[in-house]
Amino acid sequence: MTHVLDDLEARGLVAHSTDRDALRAELSEGPITYYVGFDPTAPSLHIGNLLQILTARRLQLAGHKPLLLVGGSTGLIGDPKEAGERVMNTKETVADWVNRIASQVSRFVDLDGANGATIVNNLDWTAGLSTIDYLRDIGKHFPVNRMLARDVVSSRLESGISYTEFSYVLLQSMDYLELHRRHGCVLQTGGSDQWGNITAGVELIRRADGDKVHALATPLITKADGTKFGKTESGTVWLDPELMSPYAFYQSWIQAEDSKVVEYLRQFTFLELHEIARVEAEHVQKPGLRAAQRRLAAEVTTLVHGAEETAAAELAARALFGRAELEDLPEATLAAALREAGAVDLLAADQPTIVDALVATGLADSKSAARRAVGEGGAYVNNERVTDPELVLAGDLLLHGSWAVLRKGKRSISGVSVS
RNA sequence: GGCAGGUUGCCCGAGUGGCCAAAGGGAUCUGACUGUAAAUCAGACGGCUCAGCCUACGCAGGUUCGAACCCUGCACCUGCCA
């Protein structure tokens with residue numbers, strides 16, 4: 001069987017690691033305990049976090065025991081980022097997000113069995129910590145000159161950084177130390193942007209307890225243009241269906257660039273590498289079929305939202321983007337597809353125009369933008385380009401007497417039900 | 001506390017009394033080409049009851065026929081000095 005570290009490397013999931021041979025040996029010797037942390041900075045995790053969850057899952061499948069940490073305390077402090085000081089959220093908000101994220105994260109791992117995952121919250125060991133103990137036991141191990149040299153910190157020295165955020169690295173390091181002591185945790189994984197925080201923890205454990213532990217970082221996932229992956233035009237790709245519908249989630253994957261889709265298959269799915277190679281061969285032959293994108297979207301959407309939601313998203317995509325004439329679709333199929341894609345109810349009595357509908361569905365931000373879209377030839381009703389901004393959605397335009405498929409550009413689709 | 005500089009549309013950034021809804025770049029959107037891909041080219045890119053009107057250049061007030069641009073006060077940011 002392939003060594004889990006080889007699998008991670010082959011999938012392009014290893015950007016940095018501490019002593020790789022030592023880590024390899026330790027992973028081979030028997031089950032180890034490792035951890036990955038998630039800070040509650042929003043009510044939901046996003047696909048950047050998903051990569052970390054899936055990496056943790058891969059290690060669990062190899063027999064190791066995951067500790068999934070939710071940052072009840074670190075979320076109150078805020079990891080410094082280059083953009084500038086974070087706005088602090090209230091304790092109530094953070095506590096709420098902690099619960100949401102804990103339940104989100106637990107769906108991706110096994111909680112039972114010998115190597116069942118444990119969800120931990122760092123608030124448990126920091127809430128009651130006295131300032132004096134913190135400064136004596138933890139602070140003493142952190143030379144400020146070294147802290148200042150860290151990239152994020154030095155980049156913030158001009159614009160300013162609060163003592164609160166400056167201290168963040170101590171809390172995360174303390175987490176690793178605590179989990180090492182409580183659970184024998186010897187590996188922390190995370191994104192490469194966390195590398196500094198993670199190795200600071202490794203260092204703390206060496207200084208405080210004299211133990212050698214490991215760190216493993218995944219690379220920053222980027223889009224073809226080099227920008228950070230995980231954002232669409234409309235924002236972050238969330239895992240919570242309340243924040244992003246399974247249909248929209250599916251769409252965000254199906255729109256993956258040709259040059260990136262195979263990488264994503266390796267990083268975000270559990271497909272065997274030889275299977276991915278087969279998909280790649282097909283993709284190289286006929287990229288126009290977008291088979292790799294379809295496979296990617298189906299696999300990841302199933303992981304996050306389940307088979308049923310994925311089937312619905314696929315059906316909607318096929319119906320709305322397919323070659324079939326919309327008129328030929330049975331009403332039930334059309335209605336289901338449009339509800340899935342996001343549909344809005346309008347009143348026939350209001351004589352809604354194409355402009356009104358574009359705004360109501362959110363395809364356009366304002367009436368001006370909607371008029372502009374029509375003027376540019378970028379607005380379509382039932383796949384027919386519309387040129388008159390005053391066109392009223394009524395009569396023969398409506399499929400089965402009430403439905404209209406509204407499209408702006410080539411990939412933004414929304415439904416309208418007029419009654 | 002003193003001195004100097006700054007605060008412009010989603011972001012960066014020009015503009016220093018009328019020709020400014022505001023140069024240029026980025027991001028974004030649309031079209032052509034296409035495959036719900038990329039690249040390229042072209043156009044758009046505050047709002048509205050849209051050939052006109054309204055709102056906008058940190059906030060409040062003032063000067064002026066007219067202010068993003070001048071004056072006063074306030075807030076915040078940066079640098080230098082204490």
Side-chain angles (χ1 to χ4, degrees), chain A residues 81-85 87 155-162 222-237 245-265 279-280 282-298 300-301 310 313-324 326 337-338 340-342 350-356 358-359 361-381 383-390 405-415:
Chain A
K81 52 177 183 182
E82 291 216 9
E85 194 77 11
V87 176
S155 72
R156 286 278 299 279
L157 289 179
E158 276 282 290
S159 58
I161 179 168
S162 66
T222 57
K223 293 191 281 192
D225 62 3
T227 58
K228 196 169 164 189
F229 180 68
K231 302 268 183 197
T232 62
E233 307 71 51
S234 38
T236 305
V237 180
S245 73
Y247 169 82
F249 184 84
Y250 178 90
Q251 286 296 315
S252 75
W253 290 99
I254 211 155
Q255 286 163 4
E257 297 105 333
D258 284 358
S259 61
K260 284 289 181 177
V261 66
V262 176
E263 271 178 58
Y264 298 160
L265 277 166
V279 174
E280 179 175 19
E282 202 178 322
H283 171 70
V284 170
Q285 279 274 297
K286 295 192 168 179
L289 292 180
R290 310 177 61 73
Q293 279 91 343
R294 282 177 221 288
R295 190 67 189 273
L296 174 69
V300 184
T301 307
T310 303
E314 282 179 318
L315 176 71
R318 263 204 308 279
L320 303 177
F321 287 98
R323 306 239 181 276
L326 290 170
L338 289 178
E340 182 69 21
D350 293 339
Q351 300 261 305
T353 64
I354 175 72
V355 166
D356 296 329
L358 284 168
V359 174
T361 55
L363 288 177
D365 290 333
S366 66
K367 288 190 177 183
S368 295
R371 283 200 192 87
R372 213 178 288 134
V374 174
E376 291 171 331
Y380 310 79
V381 171
N383 289 335
E384 293 282 332
R385 176 172 287 171
V386 173
T387 51
D388 176 13
E390 304 304 324
V405 178
L406 220 61
R407 193 172 101 225
K408 183 172 80 89
K410 57 193 227 177
R411 45 190 192 183
S412 308
I413 288 184
S414 191

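Here is how names work: the chains are called A, B, and so on, in the same order as the sequence lines, proteins then strands, and each is numbered from 1.
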Please report, rounded to the nearest Å, how far the [atom2] atom of [N] is from the [atom1] atom of [X].
X	N	atom1	atom2	result
A/I254	B/G35	CD1	C1'	11 Å
A/L296	B/U36	CG	P	17 Å
A/Q293	B/U36	CD	P	10 Å
A/Q255	B/A38	CD	C1'	14 Å
A/R411	B/C29	CZ	P	7 Å
A/E314	B/U36	CD	C1'	14 Å
A/I413	B/C29	CD1	C1'	16 Å
A/E263	B/A37	CD	P	19 Å

### Message
Both A/G409 and A/V359 contact RNA chain B. Which one's nearest nucleotide lies toward the 5' end?
### Response
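Whichever sits nearer the 5' end wins; that is A/G409.
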### 5' precedence on RNA chain B between A/Q251 and A/D365 (nearest-nucleotide basis)
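Taking each residue's closest nucleotide, the earlier one in sequence belongs to A/Q251.
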Identity of whatever pairs with [N] - Watson-Crick or G-U, under 3.5 angstrom:
N	answer
B/G43	B/C29
B/A14	none
B/C59	B/G73
B/A37	none
B/G1	B/C81
B/G52	B/C48

Using the [atom1] atom as the point on both nucleotides, what is the distance between [M] and [N], in whole Å?
N	M	atom1	answer
B/C29	B/G66	P	43 Å
B/C19	B/A37	C1'	45 Å
B/G13	B/U8	C1'	9 Å
B/A22	B/G31	P	25 Å
B/A44	B/G26	P	15 Å
B/C69	B/G25	P	26 Å
B/G62	B/A67	C1'	12 Å
B/G47	B/C10	C1'	16 Å

### Task
Kindly check if the number of other-residue, nucleotide or ligand heavy atoms within 6.0 Å of CD (A/E384) is above 12?
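Open: at most 12 neighbouring heavy atoms sit under 6.0 Å from CD of A/E384.
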With heavy atoms under 4.0 Å as the rule, sort [X] into base, sugar-phosphate or nothing.
X	value
A/K408	sugar-phosphate
A/R294	nothing
A/G288	base
A/A317	base

### side chain to side chain contact (heavy atoms under 4.5 Å, CB included) between A/I413 and A/L406, intermediate numbers included
CA-CA 6 Å; A/I413 288 184; A/L406 220 61; over 6 Å; no
### Query
Would you say the base of B/G43 and the side-chain of A/E376 have a donor-acceptor pair closer than 3.5 Å?
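Indeed there is one.
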### A/S366 (side chain) and B/C48 (base): donor-acceptor pair under 3.5 Å
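Answer is no: no donor-acceptor pair is held.
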### Task
Ignoring hydrogens and angles, tell me if any N or O in the side chain of A/R407 forms a donor-acceptor pair with the backbone of A/Y380 under 3.5 Å.
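No.
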OP1 or OP2 of [N] sitting under 4.0 Å from any side-chain N/O of [X]?
X	N	value
A/R371	B/U49	yes
A/Y380	B/G31	yes
A/K410	B/C29	no
A/R407	B/U36	no

#### Entry: salt bridge (charged side-chain N to carboxylate O under 4.0 Å, His left out) between A/E263 and A/K260, worked out
CA-CA 5 Å; A/E263 271 178 58; A/K260 284 289 181 177; 3.5 Å; yes
### Query
So, do A/V355 and A/E390 sit near enough that their side-chain heavy atoms are less than 4.5 Å apart?
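They are not in side-chain contact.
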### Query
So, do A/D388 and A/T353 sit near enough that their side-chain heavy atoms are less than 4.5 Å apart?
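Side chain of A/D388 against side chain of A/T353, heavy atoms only: no contact under 4.5 Å found.
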Counting only side-chain heavy atoms from C-beta out, which of [options] sits nearest to [X]?
X	options	result
A/R372	B/C45, B/G35, B/U49	B/C45
A/E257	B/U30, B/A38, B/G35	B/A38
A/S368	B/A44, B/U30, B/C50	B/C50

### Message
Restricting to ring pair (Phe, Tyr, Trp, His ring centres under 6.0 Å), what partner residues turn up for A/Y264, sequence neighbours left out?
### Response
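If we apply the ring pair (Phe, Tyr, Trp, His ring centres under 6.0 Å) test to A/Y264, skipping adjacent residues, the hits are A/F229.
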### Query
In Å and rounded to the nearest 0.5 Å, what is the CD1 to NZ distance from A/I354 to A/K408?
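Answer rounded to 0.5 Å: 12.0 Å.
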